[in-house]
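Input: a single structure, listed below in structure tokens.
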Amino acid sequence: MSAPTAGQIGIAPMSAEDEAADRKRRIMAIVGSSSGNLVEWYDFYCYAFFALYFAPAFFPKGDATSQLLQTAGIFAVGFFMRPIGGWLFGRIADRVGRRTSMVISVLMMCFGSLLIGILPTYATVGTLAPVLLLLARMLQGLSVGGEYGTSATYMSEVAIKGKRGFFASFQYVTLIGGQLLASLVLVSLQAVMTGDELTAWGWRIPFFIGAALAVVALYLRRSLAETKEGGDKEEAGTFSALFKHWRAFCVVLAYTAGGSLSFYTFTTYMQKYLVNTAGMPKTTASQTMTFVLLVYMLIQPIFGALSDKIGRKANMILYSGLGTLMVVPLMSILGTNKDPYLAFALITLGLAVISFYTGISGIVKAELFPTNVRALGVGLSYALANAMFGGTAELVALWFKDAGMESTFFWYVTVMLAIAFVASLIMPNPKVHGYLDGAGTVEEALGKKRALAHA
């Protein structure tokens, strides 16, 4: 017996005009949420891109590697706040609403960025300076820890069915766009200021810009429509409800660990690797990474759309399998190369492989959790993996370099990608076991009506 139609269960099918209006609302919601996402990540990545200049202001003792090692340590601490942010904002999103969670997170990021911009240096207040820097980064880490899960959930829920991969890919378009914007600000300041000026006070400018942009993002997010919530309100956003899906949580944790580690290796750490290991001039490395990030950002929708055709699982297998094979040879060549064109080609190649994952990063997680714990499941698993592996990428890489075992880091990344490959093989197929198609959409209401009609 065929399933009843919308008309048979008393629900009028949407007219072409209504469908067009619904499509427009969904696209505008994607634009609004992703704009705020871009600002959040710009603020977060300013720290990584300008560390080469402000490291001496907070850690004046030691050589360049040791100064970077100390700033990377604080960068990692920001990531360790992410699981708390993932839990806190995931709970808010699942119990109160996605929009409320996103508004609070962008406010918190605005304050953290402004705080870094006005911090006194070591020469002024001594050891209190790095302590204040640490507190500001903890605040930013808490904010961005909640940002990923909530925005990924929201964008996945408002995306158009059949094109969810394509539309959800704009989360990483704006995430990378935040990196790119931070890189463009760096390149622009390098063009108009001397290295000494940037080291003395110029590094503060991008943080003031970030605080101002966050105010704009706040305005955009306040106008967003809330996505429909479902599930047991009492259990929404709780660990007890999430534990019912522990297998999916562990799989997501495993493949996110490899994805986040490789992502941060080929983006934020790569600039320092080109300068500190390959011996490339700072300005050349910055310009090279700016063009790399531009290409990387633009190709995300291609890989998101590809997943709509071949399936998320296939994307994940390709990313982790090819990634396992590429890291050691690419990093080895880049470490001895001073040609910016070759560096651009090799880094872009590496990031193209990683795009099989980043293009669907949010939706491949969102599809594995039901509505009542989706933001918590996505946000917490991502935050934990990032805290343990993504946020420590620079710290571990610099530690191995300082110990004279730099190539060991390449094998470390390779092993984590191999684990991600296994996780991708055993992950549930979202086409068969996914939760998303019936959540936060018109399809959800129809599904409930059909269930009642058969009861």
Side-chain angles (χ1 to χ4, degrees), residues 82-91 93-95 145-146 148-150 152-153 155-157 164-165 168 171 229-263 307 310-321 323-324 356-390 415-440 444 447:
R82 284 191 177 194
I84 301 174
W87 164 76
L88 177 63
F89 287 97
R91 184 175 174 83
D94 286 330
R95 295 186 71 86
Y148 178 89
T150 307
T153 296
M155 293 174 73
S156 298
E157 287 175 348
R164 293 195 193 281
Q171 183 188 25
E229 295 187 48
D232 185 350
K233 267 287 189 179
E234 291 300 316
E235 286 202 336
T238 63
F239 284 119
S240 59
L242 182 61
F243 185 73
K244 297 174 183 177
H245 307 277
W246 66 270
R247 290 183 180 85
F249 186 87
C250 291
V251 167
V252 170
L253 193 66
Y255 66 60
T256 304
S260 60
L261 176 59
S262 55
F263 171 78
S307 76
I310 67 174
R312 322 286 186 228
K313 190 178 178 77
N315 262 47
M316 297 300 290
I317 291 172
L318 285 169
Y319 124 75
S320 52
T324 301
F356 281 106
Y357 163 71
T358 55
I360 60 168
S361 174
I363 194 166
V364 76
K365 301 176 181 70
E367 287 177 327
L368 299 181
F369 297 99
T371 311
N372 66 329
V373 291
R374 182 169 299 134
L376 177 61
V378 173
L380 186 59
S381 59
Y382 175 83
L384 284 170
N386 266 263
M388 292 185 288
F389 301 99
V415 169
M416 294 309 303
L417 282 168
I419 293 172
F421 179 68
V422 175
S424 300
L425 289 175
I426 66 175
M427 70 174 280
N429 189 338
K431 282 188 175 181
V432 180
H433 303 289
Y435 287 95
L436 193 57
D437 277 342
E444 180 187 50

Closest non-hydrogen atom pair between [X] and [Y], with its separation:
| X | Y | answer |
| --- | --- | --- |
| Gly86 | Leu376 | O-CD1, 4.0 Å |
| Leu417 | Ser262 | CD2-OG, 4.0 Å |
| Ser260 | Gly390 | OG-N, 3.6 Å |
| Ala375 | Thr153 | CA-OG1, 3.3 Å |
| Ile363 | Gly165 | CD1-N, 3.9 Å |
| Arg164 | Ser156 | NH1-O, 3.2 Å |

Checklist entry - Relative to each other, are the rings of Phe239 and Trp87 parallel, tilted or perpendicular (30° and 60° limits)? => result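 Ring orientation of Phe239 relative to Trp87: parallel.
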
Checklist entry - How are the rings of Tyr148 and Tyr382 set to each other: parallel, tilted or perpendicular (split at 30° and 60°)? => result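 Parallel.
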
First locate atom [atom1] of [X], then atom [atom2] of [Y], and finally report the distance between them rounded to the nearest 0.5 Å.
| X | Y | atom1 | atom2 | result |
| --- | --- | --- | --- | --- |
| Leu318 | Phe356 | CG | CZ | 5.0 Å |
| Leu368 | Arg312 | CG | CZ | 10.5 Å |
| Phe389 | Ile419 | CZ | CD1 | 7.0 Å |
| His245 | Arg374 | NE2 | CZ | 10.0 Å |
| Thr358 | Gln171 | OG1 | CD | 10.5 Å |
| Thr238 | Arg91 | OG1 | CZ | 7.0 Å |

Has [X] got a side-chain atom pairing as donor or acceptor with [Y]'s backbone, closer than 3.5 angstrom?
| X | Y | answer |
| --- | --- | --- |
| Lys365 | Ser361 | yes |
| Lys313 | Met427 | yes |
| Thr256 | Leu253 | no |

Item to check | Heavy-atom side-chain proximity of Tyr357 to Asn315 below 4.5 angstrom | outcome: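 No, too far: nothing below the 4.5 Å cut-off.
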
Checklist entry - If we only count heavy atoms from C-beta on, is the Phe249 to Val373 side-chain gap below 4.5 Å? => result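 The answer is no, as the side chains (C-beta and beyond) never meet within the 4.5 Å cut-off.
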
